[in-house]
Amino acid sequence: METTSLLALSAPAFVLLIVLEMVYYRLHPDENASGYGVRDTATSLTVGAGAAATDVVYKTIAVAVFAGLYALTPLRVEVTWATFPLVLLAQDFCYYWMHREHHRVRVLWASHVVHHSSLRYNFATAIRQPWTGLTSQIFYIPLALAGVPAWAILLCGSINMLTQFWLHTDRIGRLPRLVERIVNTPSSHRVHHASQGGYLDRNFGGILMVWDQLFGTWAEEGERPVYGLTKNIGTHNPLRVVSHEYAALGRDVARASRWRDRVRHVVGRPGWQPGPAAVGGPPRTSAESTVGTADTAVPVPRAPLAAVRSPLPAATVTDDPR
């Protein structure tokens with residue numbers, strides 16, 4: 001499969017860049033950067049290896065589904081050197097909505113939370129990906145129905161992911177303002193990975209930031225980002241990293257007394273909990289029903305910067321477990 005080969009061929013480059021960034025941090029320490037930790041990096045590499053293995057299965061299923069839909073639709077998109085940029089643009093548009101919904105629907109967030117679970121922000125974090133990636137492929141079904149061949153959908157997906165590797169670093173500052181507003185950059189993606197309320201649910205774009213500009217989800221980096229979740233899981237166990245929110249979701253569904261609450265636990269916003277009357281007592285936050293407290297073993301000092309400038313108000317769900 002071409003797309004799987006593309007990512008596999010890139011793996012040595014990823015490892016080399018991780019090593020080079022680690023050496024750079026050692027030679028040029030910065031107390032305001034999140035840096036590397038041995039256990040955290042080992043977790044990211046282990047989770048990334050598992051994601052690569054499971055991704056083969058999910059992409060095989062996705063190819064079969066896309067090919068079947070392609071055979072059913074009368075539409076056809078001829079993929080040439082001239083049309084491929086338009087196909088990539090369409091894929092990036094679908095990526096924006098996929099990424100956005102994976103932050104706003106809890107069962108999808110249970111998958112995507114893996115990528116946000118590290119308190120550090122570096123190249124190793126880029127490969128900390130979920131083991132349940134099939135939920136992402138659902139959002140590209142419109143491309144297949146529009147007549148885009150399956151191989152082109154997955155190739156664009158791989159290109160999109162490859163362009164995002166370099167975004168995961170503290171060592172590249174803000175680029176010119178026009179660039180920041182058009183394409184994804186380390187600064188824009190640092191905002192996306194930040195856990196402060198004013199930064200939550202911002203900058204979902206993959207290659208381009210124009211989608212966030214159009215749909216009101218873009219925010220400029222101001223206050224220095226604090227990485228991780230709003231309620232961190234406090235573990236480096238790869239199995240818990242990839243499963244903790246599914247476990248919390250299962251517990252919340254099991255303890256709910258009404259079917260509408262069970263459904264809302266699954267498809268509602270992360271952090272939602274029913275009122276006291278529905279559960280027979282005071283409501284718990286989602287963080288209480290998941291795992292944990294902040295990982296105090298990884299102190300990350302932060303120096304304040306200018307206040308964040310965002311087109312949207314700060315998030316209103318204060319118990320959001322992101």
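Computed from a prediction, not measured in an experiment: that's the story for all the values here.
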Side-chain touch [X]/[Y], heavy atoms, less than 4.5 angstrom:
| X | Y | result |
| --- | --- | --- |
| V113 | H244 | yes |
| I127 | I18 | yes |
| R255 | R251 | no |
| T217 | H103 | no |
| D261 | W272 | yes |
| D170 | R190 | yes |

> Stepwise, does the side-chain hydrogen bond (donor to acceptor under 3.5 Å, both in side chains) test hold for R120 with S34?
Replying inline: CA-CA 5 Å; R120 299 181 182 271; S34 60; 5.9 Å; no
>> Run the side chain to side chain contact (heavy atoms under 4.5 Å, CB included) test on K59 and S158 for me, step by step, so that the C-alpha distance in whole Å, both residues' side-chain angles and the decisive distance to 0.1 Å come before the verdict.
In response: CA-CA 11 Å; K59 286 185 176 178; S158 294; 3.8 Å; yes
Taking [X] for the side chain and [Y] for the main chain, is one N or O donor matched with an acceptor at less than 3.5 Å?
| X | Y | value |
| --- | --- | --- |
| Y58 | W131 | yes |
| H168 | Q164 | yes |
| T73 | L69 | no |
| D252 | H265 | no |
| Y36 | R26 | no |
| R202 | L200 | yes |
| Q196 | R224 | yes |
| S195 | V226 | yes |
| R174 | S187 | no |
| S111 | V107 | no |

> Do W97 and F215 make the cut of ring centroids closer than 6.0 angstrom?
Replying inline: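 Yes: the rings meet the under 6.0 Å criterion.
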> Do F14 and F165 make the cut of ring centroids closer than 6.0 angstrom?
Replying inline: yes
Can you spot which of [options] makes a side-chain contact (heavy atoms from CB on, under 4.5 Å) with [X]?
| X | options | value |
| --- | --- | --- |
| Q91 | L86, V148, L143, I159 | L143 |
| I182 | T185, N184, L178 | L178 |
| H236 | V38, T41, V241, D40 | D40 |

Common cluster, [X]/[Y], ILVMFWY with side-chain heavy-atom separation under 4.5 Å:
| X | Y | value |
| --- | --- | --- |
| V263 | V266 | yes |
| V77 | L145 | yes |
| I61 | Y70 | no |
| L175 | V210 | yes |
| L239 | I233 | yes |

Any chance you could measure [X], atom [atom1], to [Y], atom [atom2], to the nearest 0.5 Å?
| X | Y | atom1 | atom2 | result |
| --- | --- | --- | --- | --- |
| E21 | N122 | CD | CG | 5.5 Å |
| E221 | H189 | CD | NE2 | 12.5 Å |
| L108 | H99 | CG | NE2 | 11.5 Å |
| Y25 | R171 | OH | CZ | 5.0 Å |
| I138 | C94 | CD1 | SG | 13.0 Å |
| I207 | L89 | CD1 | CG | 9.0 Å |

How close do [X] and [Y] get, counting heavy atoms only, and between which atoms?
| X | Y | value |
| --- | --- | --- |
| C156 | V87 | SG-CG1, 3.8 Å |
| Q137 | F66 | O-CZ, 3.5 Å |
| L167 | Y121 | O-OH, 2.7 Å |
| L162 | S10 | CD2-OG, 3.3 Å |
| S188 | W218 | OG-NE1, 3.8 Å |
| A150 | A67 | CB-N, 4.1 Å |

> H102 pairs by ring pair (Phe, Tyr, Trp, His ring centres under 6.0 Å) with which of F204, Y95, W109, F139?
Replying inline: F139
>> Once you measure the plane-to-plane angle for H193 and H116, does it fall in the parallel (<30°), tilted (30-60°) or perpendicular (>60°) bin?
In response: parallel
> Is the closest basic N to carboxylate O distance between E220 and R181 below 4.0 Å?
Replying inline: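 No, this pair does not count.
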>> Does L229 form a side chain to side chain contact (heavy atoms under 4.5 Å, CB included) with E245? I'd like the steps, not just the answer.
In response: CA-CA 12 Å; L229 310 175; E245 184 60 18; over 6 Å; no
>> Name the residue from R100, R269, H192 that meets the side-chain hydrogen bond (donor to acceptor under 3.5 Å, both in side chains) definition with D201.
In response: R269
> Stepwise, does the side chain to side chain contact (heavy atoms under 4.5 Å, CB included) test hold for T125 with Y227?
Replying inline: CA-CA 11 Å; T125 304; Y227 306 114; over 6 Å; no
>> Looking only at side-chain N and O atoms, does T43 offer a donor or acceptor that is under 3.5 Å from a partner on R128?
In response: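 There is no such pair between these side chains.
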> Is the closest side-chain donor-acceptor distance between T132 and Y246 under 3.5 Å?
Replying inline: yes
